[in-house]
There are 2 protein chains.
Amino acid sequence: MPSPLESSAATTAHANGGGAAGRLPPDVVPVALSVDLVLLTVREEQLQVLLVRRGIEPYRDRWALPGGFVRPGEDLAEAAVRELAEETGLRHPPAHLEQLATYGAPDRDPRGRVVTVAFLALAPQSRTPIAGTDAAASRWEPVSTAGGGSGLAFDHAAILADGLERARAKIEYSAVATAFCEGEFTVAELRRIYELVWSSRLDPRNFHRKVTGTADFLVPTGRFTTRDGGRPAELYRRGDATVLHPAMLRPVPRLP
Amino acid sequence: MPSPLESSAATTAHANGGGAAGRLPPDVVPVALSVDLVLLTVREEQLQVLLVRRGIEPYRDRWALPGGFVRPGEDLAEAAVRELAEETGLRHPPAHLEQLATYGAPDRDPRGRVVTVAFLALAPQSRTPIAGTDAAASRWEPVSTAGGGSGLAFDHAAILADGLERARAKIEYSAVATAFCEGEFTVAELRRIYELVWSSRLDPRNFHRKVTGTADFLVPTGRFTTRDGGRPAELYRRGDATVLHPAMLRPVPRLP
DNA sequence: GCAATAGTGTCTCTCAGACAATATTGC
DNA sequence: GCAATATTGTCTGAGAGACACTATTGC
(Lines give C-alpha, C1' and ligand atoms only; values in the text may rest on other atoms or scores of the structure.)
Protein backbone atom coordinates (compact mmCIF):
# COMPACT_ATOMS: atom_id res chain seq x y z
CA MET A 1 0.00 0.00 0.00
CA PRO A 2 1.43 3.39 -0.88
CA SER A 3 2.17 5.83 1.90
CA PRO A 4 -0.25 8.70 2.41
CA LEU A 5 2.15 11.20 0.91
CA GLU A 6 2.64 9.11 -2.16
CA SER A 7 -1.07 8.46 -2.69
CA SER A 8 -1.79 12.17 -2.83
CA ALA A 9 0.65 12.75 -5.65
CA ALA A 10 -1.69 12.36 -8.58
CA THR A 11 -4.37 14.43 -6.92
CA THR A 12 -1.92 17.18 -6.16
CA ALA A 13 -0.54 17.46 -9.64
CA HIS A 14 -3.83 17.19 -11.49
CA ALA A 15 -5.46 19.84 -9.39
CA ASN A 16 -2.85 22.22 -10.74
CA GLY A 17 -4.05 24.75 -13.34
CA GLY A 18 -2.52 25.18 -16.81
CA GLY A 19 -1.36 28.49 -18.28
CA ALA A 20 2.04 30.05 -18.80
CA ALA A 21 3.22 28.91 -15.40
CA GLY A 22 2.73 25.29 -16.48
CA ARG A 23 1.89 22.60 -14.02
CA LEU A 24 3.71 19.88 -12.20
CA PRO A 25 3.82 16.49 -13.90
CA PRO A 26 1.16 14.06 -12.64
CA ASP A 27 3.62 11.59 -11.18
CA VAL A 28 5.49 13.97 -8.90
CA VAL A 29 5.85 12.60 -5.38
CA PRO A 30 5.03 15.12 -2.68
CA VAL A 31 7.27 14.98 0.35
CA ALA A 32 7.19 16.58 3.76
CA LEU A 33 10.04 19.04 4.32
CA SER A 34 11.67 19.69 7.64
CA VAL A 35 14.73 21.48 8.96
CA ASP A 36 16.98 20.08 11.66
CA LEU A 37 19.64 21.93 13.58
CA VAL A 38 23.05 20.98 14.83
CA LEU A 39 23.45 23.75 17.39
CA LEU A 40 26.87 23.67 18.99
CA THR A 41 28.22 25.66 21.89
CA VAL A 42 31.14 25.46 24.25
CA ARG A 43 30.21 25.19 27.91
CA GLU A 44 31.58 23.40 30.94
CA GLU A 45 34.89 23.00 29.15
CA GLN A 46 33.27 20.83 26.49
CA LEU A 47 31.83 21.09 23.01
CA GLN A 48 28.12 20.43 23.46
CA VAL A 49 25.13 19.99 21.21
CA LEU A 50 21.52 20.88 21.88
CA LEU A 51 19.17 17.88 21.96
CA VAL A 52 15.43 17.69 22.52
CA ARG A 53 13.43 14.78 23.85
CA ARG A 54 10.70 13.73 21.46
CA GLY A 55 7.22 13.87 22.93
CA ILE A 56 5.46 12.00 20.13
CA GLU A 57 5.85 8.95 17.95
CA PRO A 58 7.94 7.87 16.21
CA TYR A 59 10.96 7.64 18.51
CA ARG A 60 8.93 8.95 21.44
CA ASP A 61 11.11 9.76 24.47
CA ARG A 62 14.26 9.47 22.42
CA TRP A 63 16.68 12.36 22.04
CA ALA A 64 16.83 14.15 18.70
CA LEU A 65 18.20 17.25 17.07
CA PRO A 66 15.88 20.24 17.34
CA GLY A 67 13.89 20.93 14.20
CA GLY A 68 10.48 21.00 12.66
CA PHE A 69 8.49 21.26 9.47
CA VAL A 70 8.88 24.13 7.07
CA ARG A 71 5.81 26.34 6.88
CA PRO A 72 4.07 27.65 3.78
CA GLY A 73 5.80 30.66 2.30
CA GLU A 74 8.83 30.16 4.50
CA ASP A 75 12.37 29.91 3.19
CA LEU A 76 14.68 27.20 4.49
CA ALA A 77 17.01 29.43 6.49
CA GLU A 78 14.01 31.29 7.80
CA ALA A 79 12.52 28.04 9.11
CA ALA A 80 15.85 27.18 10.75
CA VAL A 81 15.99 30.52 12.56
CA ARG A 82 12.39 30.16 13.69
CA GLU A 83 12.91 26.66 15.06
CA LEU A 84 16.03 27.83 16.81
CA ALA A 85 14.11 30.64 18.47
CA GLU A 86 11.25 28.35 19.47
CA GLU A 87 13.44 25.70 20.99
CA THR A 88 16.08 27.82 22.71
CA GLY A 89 14.36 31.12 23.41
CA LEU A 90 17.08 32.77 21.35
CA ARG A 91 16.24 36.42 20.82
CA HIS A 92 18.73 37.16 18.05
CA PRO A 93 19.75 34.92 15.18
CA PRO A 94 22.72 32.73 16.09
CA ALA A 95 26.23 34.05 15.61
CA HIS A 96 26.67 31.62 12.75
CA LEU A 97 24.16 29.65 10.71
CA GLU A 98 24.83 27.74 7.53
CA GLN A 99 23.18 25.01 5.54
CA LEU A 100 24.84 21.67 6.17
CA ALA A 101 23.30 19.04 3.90
CA THR A 102 19.98 17.46 2.99
CA TYR A 103 18.96 13.96 4.03
CA GLY A 104 16.31 12.20 2.03
CA ALA A 105 16.63 8.43 2.26
CA PRO A 106 13.16 7.07 1.46
CA ASP A 107 12.84 5.19 4.74
CA ARG A 108 14.42 7.67 7.12
CA ASP A 109 11.05 8.47 8.68
CA PRO A 110 8.42 5.75 9.24
CA ARG A 111 5.59 8.28 8.80
CA GLY A 112 6.31 8.67 5.09
CA ARG A 113 8.65 10.55 2.84
CA VAL A 114 10.20 13.27 4.95
CA VAL A 115 13.22 15.12 3.63
CA THR A 116 15.16 17.25 6.03
CA VAL A 117 17.54 20.11 5.40
CA ALA A 118 20.12 20.20 8.16
CA PHE A 119 21.70 23.43 9.37
CA LEU A 120 24.79 24.01 11.44
CA ALA A 121 24.55 26.75 14.05
CA LEU A 122 27.24 28.02 16.39
CA ALA A 123 26.52 30.23 19.38
CA PRO A 124 28.13 31.37 22.61
CA GLN A 125 26.72 29.94 25.78
CA SER A 126 25.09 33.16 26.96
CA ARG A 127 22.86 33.36 23.90
CA THR A 128 21.31 29.92 24.30
CA PRO A 129 19.13 30.07 27.40
CA ILE A 130 16.95 27.10 26.45
CA ALA A 131 13.40 28.18 27.09
CA GLY A 132 11.81 25.37 25.14
CA THR A 133 8.21 25.76 24.20
CA ASP A 134 7.31 22.92 21.87
CA ALA A 135 9.84 20.41 23.14
CA ALA A 136 8.95 18.19 26.07
CA ALA A 137 12.50 18.60 27.29
CA SER A 138 15.82 19.78 25.98
CA ARG A 139 19.37 19.66 27.20
CA TRP A 140 22.98 20.21 26.29
CA GLU A 141 24.92 17.05 25.69
CA PRO A 142 28.68 16.74 25.19
CA VAL A 143 29.31 15.71 21.60
CA SER A 144 31.62 12.98 22.84
CA THR A 145 28.65 11.07 24.21
CA ALA A 146 25.78 12.35 22.04
CA GLY A 147 26.66 10.48 18.90
CA GLY A 148 27.46 7.25 20.69
CA GLY A 149 25.67 3.97 20.14
CA SER A 150 22.89 5.19 22.41
CA GLY A 151 21.04 6.21 19.30
CA LEU A 152 19.47 9.51 18.46
CA ALA A 153 16.13 9.46 16.65
CA PHE A 154 15.95 9.05 12.87
CA ASP A 155 19.30 9.50 11.13
CA HIS A 156 20.28 12.28 13.50
CA ALA A 157 23.48 10.57 14.59
CA ALA A 158 24.74 10.81 11.02
CA ILE A 159 23.62 14.44 10.74
CA LEU A 160 25.40 15.27 13.98
CA ALA A 161 28.56 13.57 12.77
CA ASP A 162 28.47 15.57 9.55
CA GLY A 163 27.87 18.79 11.48
CA LEU A 164 30.80 18.12 13.77
CA GLU A 165 33.11 17.41 10.88
CA ARG A 166 31.97 20.58 9.15
CA ALA A 167 32.57 22.65 12.28
CA ARG A 168 35.99 21.12 12.80
CA ALA A 169 37.00 21.74 9.21
CA LYS A 170 35.53 25.22 9.05
CA ILE A 171 37.39 26.76 11.97
CA GLU A 172 40.57 25.82 10.14
CA TYR A 173 40.14 28.13 7.21
CA SER A 174 37.46 30.56 8.36
CA ALA A 175 36.96 32.91 11.27
CA VAL A 176 33.76 31.27 12.55
CA ALA A 177 35.37 30.09 15.78
CA THR A 178 34.65 33.54 17.19
CA ALA A 179 30.94 32.67 16.88
CA PHE A 180 31.42 30.59 20.03
CA CYS A 181 32.83 33.57 21.94
CA GLU A 182 31.06 36.29 23.88
CA GLY A 183 31.36 39.91 22.77
CA GLU A 184 34.76 40.46 24.34
CA PHE A 185 37.16 37.61 24.82
CA THR A 186 40.82 36.86 25.36
CA VAL A 187 43.17 34.99 23.07
CA ALA A 188 43.31 32.17 25.60
CA GLU A 189 39.53 31.81 25.53
CA LEU A 190 39.56 31.59 21.76
CA ARG A 191 42.34 29.04 21.95
CA ARG A 192 40.27 26.97 24.35
CA ILE A 193 37.52 26.91 21.69
CA TYR A 194 39.88 25.48 19.12
CA GLU A 195 41.24 22.95 21.58
CA LEU A 196 37.80 21.72 22.59
CA VAL A 197 36.45 21.53 19.05
CA TRP A 198 39.53 19.72 17.83
CA SER A 199 40.21 17.69 20.98
CA SER A 200 43.87 18.62 20.81
CA ARG A 201 46.33 20.91 22.50
CA LEU A 202 47.66 24.04 20.85
CA ASP A 203 50.79 25.91 21.83
CA PRO A 204 49.62 29.14 23.52
CA ARG A 205 52.55 31.15 22.15
CA ASN A 206 52.26 30.06 18.55
CA PHE A 207 48.49 30.42 18.70
CA HIS A 208 48.78 33.96 20.00
CA ARG A 209 51.21 34.89 17.25
CA LYS A 210 48.94 33.35 14.63
CA VAL A 211 45.61 34.90 15.56
CA THR A 212 46.93 38.35 16.38
CA GLY A 213 48.94 38.35 13.17
CA THR A 214 46.00 37.55 10.89
CA ALA A 215 44.53 40.80 9.60
CA ASP A 216 40.98 41.62 10.74
CA PHE A 217 40.53 38.37 12.65
CA LEU A 218 40.58 40.00 16.07
CA VAL A 219 40.10 43.65 16.99
CA PRO A 220 41.90 44.73 20.18
CA THR A 221 39.77 46.75 22.58
CA GLY A 222 42.65 48.15 24.59
CA ARG A 223 41.07 46.77 27.75
CA PHE A 224 42.30 43.91 29.89
CA THR A 225 40.94 41.24 32.18
CA THR A 226 42.37 39.00 34.85
CA ARG A 227 39.43 36.60 34.93
CA ASP A 228 41.66 33.75 33.81
CA GLY A 229 44.28 34.47 36.49
CA GLY A 230 47.88 35.49 35.98
CA ARG A 231 48.98 38.44 33.98
CA PRO A 232 46.07 40.49 32.60
CA ALA A 233 45.08 39.48 29.09
CA GLU A 234 43.90 41.91 26.47
CA LEU A 235 40.26 41.69 25.39
CA TYR A 236 39.36 41.40 21.72
CA ARG A 237 36.24 41.51 19.59
CA ARG A 238 35.40 39.65 16.39
CA GLY A 239 36.94 41.29 13.34
CA ASP A 240 35.54 41.53 9.84
CA ALA A 241 37.64 38.68 8.45
CA THR A 242 35.65 35.68 7.27
CA VAL A 243 38.46 33.56 5.86
CA LEU A 244 41.80 32.74 7.45
CA HIS A 245 44.72 33.00 5.11
CA PRO A 246 46.87 31.04 5.56
CA ALA A 247 44.68 28.54 7.37
CA MET A 248 45.02 27.52 10.99
CA LEU A 249 46.42 24.02 10.82
CA ARG A 250 44.64 21.29 12.72
CA PRO A 251 47.23 19.13 14.52
CA VAL A 252 47.33 15.48 13.56
CA PRO A 253 45.33 13.53 16.16
CA ARG A 254 47.52 12.03 18.85
CA LEU A 255 46.93 8.33 19.22
CA PRO A 256 48.41 7.57 22.67
CA MET B 1 -6.33 30.49 -3.31
CA PRO B 2 -3.81 28.04 -1.95
CA SER B 3 -1.58 26.24 -4.38
CA PRO B 4 -2.46 22.65 -5.22
CA LEU B 5 0.44 21.33 -3.21
CA GLU B 6 -0.61 23.27 -0.17
CA SER B 7 -4.25 22.32 -0.42
CA SER B 8 -3.40 18.66 -0.32
CA ALA B 9 -1.56 19.00 2.96
CA ALA B 10 -4.43 18.31 5.31
CA THR B 11 -5.62 15.40 3.24
CA THR B 12 -2.18 13.94 3.17
CA ALA B 13 -1.64 14.11 6.87
CA HIS B 14 -5.07 12.95 7.94
CA ALA B 15 -4.99 9.96 5.68
CA ASN B 16 -2.00 8.80 7.67
CA GLY B 17 -2.63 5.95 10.08
CA GLY B 18 -1.81 6.07 13.79
CA GLY B 19 0.17 3.43 15.68
CA ALA B 20 3.76 3.34 16.93
CA ALA B 21 5.03 4.97 13.76
CA GLY B 22 2.96 8.05 14.55
CA ARG B 23 1.63 10.31 11.86
CA LEU B 24 2.58 13.58 10.34
CA PRO B 25 1.01 16.68 11.87
CA PRO B 26 -2.08 17.92 9.98
CA ASP B 27 -0.53 21.22 8.97
CA VAL B 28 2.57 19.86 7.22
CA VAL B 29 3.06 21.41 3.79
CA PRO B 30 3.85 18.88 1.10
CA VAL B 31 6.44 20.00 -1.42
CA ALA B 32 7.68 18.64 -4.70
CA LEU B 33 11.29 17.50 -4.57
CA SER B 34 13.68 17.68 -7.47
CA VAL B 35 17.40 17.28 -8.06
CA ASP B 36 19.42 19.55 -10.32
CA LEU B 37 22.92 18.97 -11.58
CA VAL B 38 25.85 21.23 -12.17
CA LEU B 39 27.80 18.93 -14.47
CA LEU B 40 31.18 20.40 -15.35
CA THR B 41 33.75 19.21 -17.84
CA VAL B 42 36.77 20.63 -19.58
CA ARG B 43 36.55 20.67 -23.36
CA GLU B 44 37.70 22.98 -26.12
CA GLU B 45 40.17 24.55 -23.70
CA GLN B 46 37.33 25.80 -21.52
CA LEU B 47 35.44 24.88 -18.40
CA GLN B 48 31.95 24.07 -19.61
CA VAL B 49 28.63 23.21 -18.02
CA LEU B 50 25.86 21.02 -19.39
CA LEU B 51 22.61 22.87 -20.04
CA VAL B 52 19.29 21.60 -21.36
CA ARG B 53 16.61 23.56 -23.17
CA ARG B 54 13.28 23.37 -21.42
CA GLY B 55 10.49 21.93 -23.55
CA ILE B 56 7.62 22.87 -21.26
CA GLU B 57 6.34 25.73 -19.17
CA PRO B 58 7.45 27.46 -17.11
CA TYR B 59 10.56 28.93 -18.72
CA ARG B 60 9.83 27.06 -21.96
CA ASP B 61 12.72 27.31 -24.45
CA ARG B 62 15.02 28.73 -21.80
CA TRP B 63 18.24 26.98 -20.84
CA ALA B 64 18.40 25.26 -17.49
CA LEU B 65 20.50 22.87 -15.48
CA PRO B 66 19.63 19.23 -16.10
CA GLY B 67 17.49 17.69 -13.40
CA GLY B 68 14.12 16.22 -12.56
CA PHE B 69 11.81 15.09 -9.84
CA VAL B 70 12.79 12.51 -7.29
CA ARG B 71 10.86 9.27 -7.63
CA PRO B 72 9.18 7.24 -4.90
CA GLY B 73 11.59 5.07 -2.99
CA GLU B 74 14.57 6.81 -4.54
CA ASP B 75 17.39 8.35 -2.55
CA LEU B 76 18.67 11.81 -3.47
CA ALA B 77 22.03 10.74 -4.86
CA GLU B 78 20.31 7.91 -6.68
CA ALA B 79 17.99 10.38 -8.40
CA ALA B 80 20.96 12.54 -9.38
CA VAL B 81 22.75 9.59 -10.97
CA ARG B 82 19.60 8.57 -12.82
CA GLU B 83 19.01 12.05 -14.21
CA LEU B 84 22.61 12.25 -15.25
CA ALA B 85 22.31 9.00 -17.15
CA GLU B 86 19.06 10.03 -18.79
CA GLU B 87 20.30 13.40 -19.96
CA THR B 88 23.84 12.54 -21.00
CA GLY B 89 23.74 8.86 -21.87
CA LEU B 90 26.38 8.32 -19.24
CA ARG B 91 26.97 4.63 -18.77
CA HIS B 92 28.93 4.79 -15.55
CA PRO B 93 28.38 7.11 -12.61
CA PRO B 94 30.37 10.32 -12.98
CA ALA B 95 33.95 10.46 -11.75
CA HIS B 96 32.83 12.76 -8.95
CA LEU B 97 29.39 13.51 -7.55
CA GLU B 98 28.60 15.39 -4.39
CA GLN B 99 25.68 17.17 -2.87
CA LEU B 100 26.00 20.92 -3.30
CA ALA B 101 23.13 22.64 -1.51
CA THR B 102 19.35 22.78 -1.33
CA TYR B 103 17.29 25.64 -2.69
CA GLY B 104 13.82 26.13 -1.33
CA ALA B 105 12.71 29.74 -1.66
CA PRO B 106 8.89 29.62 -1.62
CA ASP B 107 8.52 31.36 -4.98
CA ARG B 108 11.39 29.78 -6.88
CA ASP B 109 8.97 27.80 -9.06
CA PRO B 110 5.67 29.31 -10.26
CA ARG B 111 4.03 25.87 -10.28
CA GLY B 112 4.08 25.60 -6.52
CA ARG B 113 6.44 24.71 -3.76
CA VAL B 114 9.33 22.90 -5.40
CA VAL B 115 12.48 22.33 -3.40
CA THR B 116 15.56 21.22 -5.29
CA VAL B 117 18.67 19.48 -4.07
CA ALA B 118 21.58 20.51 -6.27
CA PHE B 119 24.50 18.22 -6.99
CA LEU B 120 27.93 18.97 -8.36
CA ALA B 121 29.28 16.45 -10.87
CA LEU B 122 32.67 16.42 -12.56
CA ALA B 123 33.48 14.25 -15.54
CA PRO B 124 36.02 13.96 -18.33
CA GLN B 125 34.82 14.88 -21.79
CA SER B 126 34.85 11.31 -23.11
CA ARG B 127 32.32 10.15 -20.57
CA THR B 128 29.67 12.74 -21.39
CA PRO B 129 28.37 11.91 -24.87
CA ILE B 130 25.06 13.75 -24.49
CA ALA B 131 22.47 11.34 -25.78
CA GLY B 132 19.55 13.20 -24.29
CA THR B 133 16.26 11.41 -24.15
CA ASP B 134 13.89 13.55 -22.16
CA ALA B 135 15.43 16.93 -22.95
CA ALA B 136 14.35 18.75 -26.09
CA ALA B 137 17.95 19.82 -26.57
CA SER B 138 21.15 19.98 -24.60
CA ARG B 139 24.54 21.52 -25.08
CA TRP B 140 27.79 22.38 -23.43
CA GLU B 141 28.20 26.03 -22.58
CA PRO B 142 31.36 27.76 -21.34
CA VAL B 143 30.82 28.79 -17.75
CA SER B 144 32.07 32.26 -18.61
CA THR B 145 28.92 32.91 -20.63
CA ALA B 146 26.43 30.53 -19.03
CA GLY B 147 25.84 32.44 -15.83
CA GLY B 148 25.68 35.83 -17.54
CA GLY B 149 22.68 38.14 -17.51
CA SER B 150 21.11 36.01 -20.25
CA GLY B 151 19.23 34.22 -17.54
CA LEU B 152 18.91 30.54 -16.90
CA ALA B 153 15.54 29.21 -15.81
CA PHE B 154 14.44 29.37 -12.17
CA ASP B 155 17.30 30.17 -9.76
CA HIS B 156 19.73 28.09 -11.77
CA ALA B 157 22.17 30.96 -12.27
CA ALA B 158 22.67 31.07 -8.51
CA ILE B 159 23.02 27.29 -8.32
CA LEU B 160 25.60 27.35 -11.09
CA ALA B 161 27.55 30.09 -9.34
CA ASP B 162 27.58 28.07 -6.13
CA GLY B 163 28.68 24.97 -8.01
CA LEU B 164 31.52 26.81 -9.68
CA GLU B 165 32.74 28.24 -6.43
CA ARG B 166 32.58 24.81 -4.83
CA ALA B 167 34.56 23.27 -7.68
CA ARG B 168 37.17 26.03 -7.55
CA ALA B 169 37.56 25.69 -3.82
CA LYS B 170 37.57 21.92 -3.82
CA ILE B 171 40.43 21.34 -6.24
CA GLU B 172 42.56 23.37 -3.84
CA TYR B 173 42.48 20.95 -0.97
CA SER B 174 41.23 17.73 -2.54
CA ALA B 175 42.27 15.48 -5.39
CA VAL B 176 39.02 15.81 -7.36
CA ALA B 177 40.66 17.66 -10.24
CA THR B 178 41.61 14.25 -11.63
CA ALA B 179 37.89 13.60 -12.11
CA PHE B 180 38.15 15.84 -15.18
CA CYS B 181 40.95 13.72 -16.63
CA GLU B 182 40.79 10.61 -18.78
CA GLY B 183 42.20 7.35 -17.51
CA GLU B 184 45.80 8.23 -18.32
CA PHE B 185 46.97 11.81 -18.43
CA THR B 186 50.09 13.93 -18.23
CA VAL B 187 51.03 16.46 -15.60
CA ALA B 188 50.58 19.21 -18.17
CA GLU B 189 47.02 18.09 -18.88
CA LEU B 190 46.20 18.14 -15.19
CA ARG B 191 47.78 21.57 -14.90
CA ARG B 192 45.59 22.79 -17.74
CA ILE B 193 42.55 21.66 -15.72
CA TYR B 194 43.61 23.79 -12.79
CA GLU B 195 44.35 26.75 -15.03
CA LEU B 196 40.98 26.60 -16.76
CA VAL B 197 38.98 26.09 -13.58
CA TRP B 198 40.80 28.91 -11.83
CA SER B 199 41.29 31.16 -14.86
CA SER B 200 44.90 31.71 -13.92
CA ARG B 201 48.36 30.60 -14.99
CA LEU B 202 50.41 28.18 -12.98
CA ASP B 203 54.15 27.68 -13.22
CA PRO B 204 54.68 24.32 -14.98
CA ARG B 205 57.80 23.52 -12.97
CA ASN B 206 56.40 24.27 -9.54
CA PHE B 207 53.17 22.52 -10.43
CA HIS B 208 55.05 19.43 -11.50
CA ARG B 209 57.04 19.36 -8.30
CA LYS B 210 53.89 19.82 -6.23
CA VAL B 211 51.66 17.15 -7.76
CA THR B 212 54.35 14.50 -8.18
CA GLY B 213 55.52 15.14 -4.63
CA THR B 214 52.12 14.65 -3.01
CA ALA B 215 51.79 11.04 -1.90
CA ASP B 216 49.12 8.97 -3.71
CA PHE B 217 47.85 11.88 -5.79
CA LEU B 218 49.23 10.54 -9.08
CA VAL B 219 50.37 7.03 -9.93
CA PRO B 220 53.06 6.85 -12.64
CA THR B 221 52.39 4.29 -15.34
CA GLY B 222 55.94 4.19 -16.69
CA ARG B 223 54.61 4.98 -20.15
CA PHE B 224 55.04 8.19 -22.10
CA THR B 225 53.26 10.25 -24.72
CA THR B 226 54.22 13.01 -27.12
CA ARG B 227 50.65 14.09 -27.87
CA ASP B 228 51.33 17.52 -26.40
CA GLY B 229 54.51 18.02 -28.48
CA GLY B 230 58.05 18.46 -27.22
CA ARG B 231 59.76 16.01 -24.96
CA PRO B 232 57.65 12.96 -24.11
CA ALA B 233 55.67 13.34 -20.91
CA GLU B 234 55.01 10.53 -18.51
CA LEU B 235 51.45 9.26 -18.20
CA TYR B 236 49.80 9.02 -14.80
CA ARG B 237 46.59 7.62 -13.34
CA ARG B 238 44.49 8.88 -10.43
CA GLY B 239 45.89 7.84 -7.08
CA ASP B 240 44.01 6.93 -3.92
CA ALA B 241 44.55 10.30 -2.27
CA THR B 242 41.36 12.25 -1.61
CA VAL B 243 42.81 15.23 0.25
CA LEU B 244 45.81 17.32 -0.66
CA HIS B 245 48.07 18.15 2.23
CA PRO B 246 49.32 20.78 2.11
CA ALA B 247 46.75 22.32 -0.20
CA MET B 248 47.38 23.54 -3.71
CA LEU B 249 47.26 27.31 -3.40
CA ARG B 250 44.99 29.22 -5.74
CA PRO B 251 46.85 32.27 -7.04
CA VAL B 252 45.35 35.64 -6.23
CA PRO B 253 43.34 36.77 -9.28
CA ARG B 254 45.33 39.11 -11.51
CA LEU B 255 43.53 42.37 -12.08
CA PRO B 256 45.38 43.82 -15.11
C1' DG C 1 58.79 35.95 46.74
C1' DC C 2 55.97 32.43 44.24
C1' DA C 3 52.56 30.62 41.14
C1' DA C 4 50.10 31.46 37.17
C1' DT C 5 49.18 33.21 32.88
C1' DA C 6 50.28 36.73 28.91
C1' DG C 7 53.09 38.00 25.48
C1' DT C 8 57.77 38.34 22.71
C1' DG C 9 61.78 36.45 20.48
C1' DT C 10 64.59 32.83 18.24
C1' DC C 11 65.71 28.84 15.74
C1' DT C 12 64.75 25.29 12.36
C1' DC C 13 62.31 23.05 8.85
C1' DT C 14 58.87 22.79 5.24
C1' DC C 15 57.18 24.60 1.35
C1' DA C 16 55.61 28.02 -2.23
C1' DG C 17 57.15 31.07 -5.82
C1' DA C 18 60.61 32.64 -9.06
C1' DC C 19 63.51 31.06 -12.40
C1' DA C 20 68.07 28.67 -14.36
C1' DA C 21 69.54 24.63 -16.45
C1' DT C 22 69.16 20.22 -18.64
C1' DA C 23 66.59 16.36 -21.27
C1' DT C 24 64.11 14.53 -25.19
C1' DT C 25 61.22 14.67 -28.72
C1' DG C 26 59.44 16.45 -33.91
C1' DC C 27 60.71 19.02 -37.62
C1' DG D 1 70.17 22.56 -35.41
C1' DC D 2 65.84 24.64 -33.67
C1' DA D 3 61.43 24.93 -31.42
C1' DA D 4 58.69 23.01 -28.08
C1' DT D 5 57.71 20.82 -23.98
C1' DA D 6 59.24 17.89 -19.75
C1' DT D 7 61.73 17.47 -15.73
C1' DT D 8 65.24 18.57 -12.25
C1' DG D 9 67.58 21.81 -9.42
C1' DT D 10 68.54 26.19 -6.81
C1' DC D 11 67.55 30.20 -4.26
C1' DT D 12 64.60 33.04 -1.26
C1' DG D 13 61.05 34.39 1.75
C1' DA D 14 56.79 33.22 4.49
C1' DG D 15 55.25 30.78 7.99
C1' DA D 16 54.56 26.67 11.31
C1' DG D 17 56.28 24.15 15.32
C1' DA D 18 59.32 23.88 19.28
C1' DC D 19 60.65 26.29 23.06
C1' DA D 20 63.56 30.01 25.97
C1' DC D 21 62.62 34.18 27.94
C1' DT D 22 60.36 38.32 29.81
C1' DA D 23 56.06 40.79 31.75
C1' DT D 24 52.36 41.45 35.02
C1' DT D 25 49.05 40.11 37.93
C1' DG D 26 47.07 37.67 42.75
C1' DC D 27 48.42 35.66 46.73
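Letters A, B, ... mirror the listed sequences (proteins, then strands); counts begin at 1. These numbers come from a predicted model, not from an experiment. Values below: every heavy atom of this structure, side chains too, minus hydrogens, waters and symmetry copies.
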What is the distance, rounded to the nearest whole Å, between atom [atom1] of [X] and atom [atom2] of [N]?
X: A/Glu172; N: D/dA16; atom1: CD; atom2: C1'; result: 14 Å
X: B/Met248; N: C/dC15; atom1: CE; atom2: P; result: 14 Å
X: B/Arg250; N: C/dA16; atom1: CZ; atom2: P; result: 16 Å
X: B/Phe207; N: D/dG9; atom1: CZ; atom2: P; result: 19 Å
X: A/Arg205; N: D/dC19; atom1: CZ; atom2: P; result: 8 Å
X: B/Glu189; N: D/dT5; atom1: CD; atom2: P; result: 13 Å
X: A/Phe185; N: C/dA6; atom1: CZ; atom2: C1'; result: 16 Å
X: B/Arg192; N: D/dA6; atom1: CZ; atom2: P; result: 11 Å

Distance test, side-chain N/O of B/His208 to OP1/OP2 of D/dT7, below 4.0 Å: yes

A/Lys210 vs D/dG15: side-chain N/O to OP1/OP2 distance below 4.0 Å: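 No, because none of the side-chain N or O atoms of A/Lys210 sits under 4.0 Å from OP1 or OP2 of D/dG15.
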
Heavy-atom closest pair, residues A/Ala80 and A/Leu97: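 Looking at all heavy atoms of both residues, the shortest contact is CB-CD2, 4.3 Å.
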
Where protein sits on nucleotides 22-27 of chain D, one letter per nucleotide: B base, S sugar-phosphate only, - none, heavy atoms under 4.0 Å: -BBB--

Qualifying residue for salt bridge (Lys or Arg N to Asp or Glu O under 4.0 Å) with A/Glu172, from A/Arg250, A/Arg166, A/Lys210: A/Arg250

Name the closest nucleotide to the [X] side chain, picking from [options].
X: A/Pro246; options: D/dA16, C/dA6, C/dG7; answer: D/dA16
X: A/Arg209; options: D/dA20, C/dA16, D/dG17; answer: D/dG17
X: B/Arg191; options: C/dA6, C/dC19, D/dA6; answer: D/dA6

Nearest-nucleotide 5' precedence on DNA chain C, B/Asp203 against A/Ala233: A/Ala233

Sugar-phosphate, base or nothing in reach of A/Asp228, heavy atoms under 4.0 Å: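 Sugar-phosphate: the residue A/Asp228, judged by heavy atoms under 4.0 Å, touches backbone atoms but no base.
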
A/Asp162 and A/Tyr103: CA distance, side-chain angles, deciding distance, side-chain hydrogen bond (donor to acceptor under 3.5 Å, both in side chains) verdict: CA-CA 11 Å; A/Asp162 290 347; A/Tyr103 301 80; 2.6 Å; yes

Ring pair (Phe, Tyr, Trp, His ring centres under 6.0 Å) contacts touching residues 190-214 of chain A (sequence neighbours left out):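 As it turns out, the ring pair (Phe, Tyr, Trp, His ring centres under 6.0 Å) pairs with a partner in residues 190-214 of chain A, which skip direct neighbours, are A/Tyr194-A/Trp198, A/Tyr194-A/Phe207.
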
Contact list for residues 231-247 of chain B, test side chain to side chain donor-acceptor pair (under 3.5 Å), sequence neighbours left out: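 Side chain to side chain donor-acceptor pair (under 3.5 Å) check on residues 231-247 of chain B returns B/Glu184-B/Arg237.
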
Contact check, side chains of A/Arg191 and A/Pro204, non-hydrogen atoms, under 4.5 Å: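 Yes; the side chains approach each other to less than 4.5 Å.
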
Reported CZ-to-CD distance for the pair A/Phe119 and A/Gln99, which is rounded to 0.5 angstrom: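 So the CZ of A/Phe119 and the CD of A/Gln99 are separated by 5.0 Å.
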
Most 5' of A/Leu249 and B/Asn206 on DNA chain D, judged by nearest nucleotide: B/Asn206

